[in-house]
There are 2 protein chains.
Amino acid sequence: MSKCESCIVREFNSLKSLSREELMRVSACKTGKIFKKGQVIFEEGETLNGVYCVKSGVCKLTKLSENGKDQVVKLVVKGGLLGKRSLVTEQKTNLSAVALNDMEMCFIPKSEIMDDLNKNPKFTMDVLKTMAEDLKESDQSLVSMAQKSVKRRMAEILMYIHDNFGTDDDGYLSIVISREDYASIVGTATESAIRILSQFKKEGIISTKGKQIKIEDYVALKWME
Amino acid sequence: MSKCESCIVREFNSLKSLSREELMRVSACKTGKIFKKGQVIFEEGETLNGVYCVKSGVCKLTKLSENGKDQVVKLVVKGGLLGKRSLVTEQKTNLSAVALNDMEMCFIPKSEIMDDLNKNPKFTMDVLKTMAEDLKESDQSLVSMAQKSVKRRMAEILMYIHDNFGTDDDGYLSIVISREDYASIVGTATESAIRILSQFKKEGIISTKGKQIKIEDYVALKWME
DNA sequence: ACTAAAAGATGACAAATATCATATTTTAAT
DNA sequence: ATTAAAATATGATATTTGTCATCTTTTAGT
């Protein structure tokens, strides 16, 4: 297993603010974990005793609603840190994490990283900034949910995935998820999600190959009422 | 104007983590501000050059949606700190703040408090914890918006206000806001908000006196489908 | 106290979305 | 390669919510 000091993923998250010495200490105690597609990384209400650093793959953070449906709150890819909030507040996690495809992760025990959080102000500030950014995003999503149509939200998530996670060589969105997941992200019934994607396809705004989606007309998504 | 060191409000927010010396320094440079009901404290996109500490009154934090409607993201009362996120990220504010009734606030310039944020780990950790809590709440709201009916959300906001901000001696919710604001909180049309509150009234779940609302049957709200 | 303006209330109708049923296609396991 | 299970697709219909119009009540300013 590679060392944190030389791990490129770290550049994408708060761990970049740790000193060389701190990183070596973290590296020494971290453990590598592999999760298969569909596997649960942790579940709402669990006590986490560390954080996960995503090396490859994608996972969804979800929260169970009282109606029994899961709502996707955030998608996390390479560089993401899972369990930050629980680490900071020392509460049980309020979200579940499920792998959307095969994932490689590093697990860093709480005991080790907690010290850094308390003693390295640069690290703390960086975690704080990330959290502030998460909050901004969450508020933004809240407004979308409250004020925009399902169609508009679907257009936005397609653009979001396109802009943040990119496409493969053929132009297909590099994150491939089920219609059910799309429904769970935009907060609608699976049938409605399917219907809207079908409609986009008919209108030539997207095209599909199996579960893969390619955006054919980004501008149409952008200007969709 | 009273001094921060002896201000009771501070106990409710992160300022409690400042040392006596730091507090005195903050106290020396803070300015008192009064806002009248309806007055804008700051607007989305503004550069804030400090944070506001709420001494009395209530304000709403809102975000403008593309459809032209404001969405209330959070209600802030005594002890709340406005502008935390902007302080941390050094970005323009992503929310607007509007007084819902007459408010007394203290304004603390960024220059002064920024130092503490960088140098007092206890303070930084406290701000971080508050932010983590805000994030949890925001995610929670997101799920409500996405998965629950307008009626259910209305029931929840009534309970939320009851539980978090309390009632006056006659049992009326101590926060008094317009139906339009209720609509903007639950993310619906004003008419729908009015209709639902009327329905609650008919069913004896709430009673009203002018704009004041009293919860008559908390359990009914709790179990509302 | 009077009056204009704002807020609240309600009906009628339109639009968006959910639900249920069922058919088809794709995926994954043997 | 075959087949069962899962995912996708689509129609019919019900439910929820939004919009527009109009009326009544409350609030705030002179």
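Bear in mind the structure is a predicted one, so any value in this text is a computation, not a measurement. By convention in this document, chain letters (A, B, ...) are assigned in the order of the sequence lines, proteins followed by strands, and residues within each chain are numbered from 1.
Residues satisfying the salt bridge (Lys or Arg N to Asp or Glu O under 4.0 Å) test with Lys92(B), not counting sequence neighbours, are none.
Around atom CD of Glu180(B), no more than 12 heavy atoms belonging to other residues, nucleotides or ligands sit under 6.0 Å away. Enclosure of atom CD in Glu225(A) is not indicated, since only 12 or fewer non-hydrogen atoms of other residues, nucleotides or ligands lie within 6.0 angstrom. More than 12 heavy-atom neighbours from other residues, nucleotides or ligands sit within 6.0 angstrom of NZ on Lys16(B). Heavy atoms from other residues, nucleotides or ligands lying under 6.0 Å from NZ of Lys214(A) number more than 12.
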Practice problem: For salt bridge (Lys or Arg N to Asp or Glu O under 4.0 Å), just list the numbers for Arg85(B) and Asp134(B), CA-CA rounded to whole Å, side-chain angles, deciding distance to a tenth of an Å, and then say yes or no. | Solution: CA-CA 10 Å; Arg85(B) 212 199 60 84; Asp134(B) 284 352; over 6 Å; no
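Summarising the geometry, the separation between CD on Gln147(B) and C1' on dT17(C) is reported as 13 Å, rounded to the nearest angstrom. dT25(C) atom C1' lies 12 Å from atom CZ of Arg179(A), rounded to whole Å. Rounded to whole Å, atom P of dT26(C) lies 13 Å from atom CD1 of Ile194(A). Regarding Ile213(A), its CD1 atom lies at a distance of 15 Å from the P atom of dA7(D), rounded to whole Å. Atom CE in Met154(A) sits roughly 11 Å away from atom P in dT8(D) (whole-Å rounding). Regarding Ile177(A), its CD1 atom lies at a distance of 13 Å from the P atom of dA7(D), rounded to whole Å. In this structure, Tyr182(A) atom OH and dA7(D) atom P are separated by 15 Å, rounded to whole Å. Rounded to whole Å, atom P of dA9(C) lies 13 Å from atom CD of Gln199(B).
Axis angle across the helix from dA1(C)-dT30(D) to dT30(C)-dA1(D), with five pairs used at each end and values rounded to 10°: 60°.
Tyr218(B) and His162(B) have tilted rings, their planes meeting at an angle from 30° to 60° on a 0 to 90° scale.
Within the 4.0 Å cut-off from OP1 or OP2 of dA9(D), at least one side-chain nitrogen or oxygen of Lys201(A) is found.
When only modelled atom types and interatomic distance are considered, Ser65(B) and Gln71(B) share no side-chain donor-acceptor pair under 3.5 Å. Side-chain atoms of Thr93(A) and Glu46(A) form no donor-acceptor pair, as typed in the model, at a separation below 3.5 Å.
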Self-check item: Contact pattern, 5' to 3', of nucleotides 11-30 of chain D - B, S or - by protein heavy atom under 4.0 Å
Solution: BB----SBBB-------S--
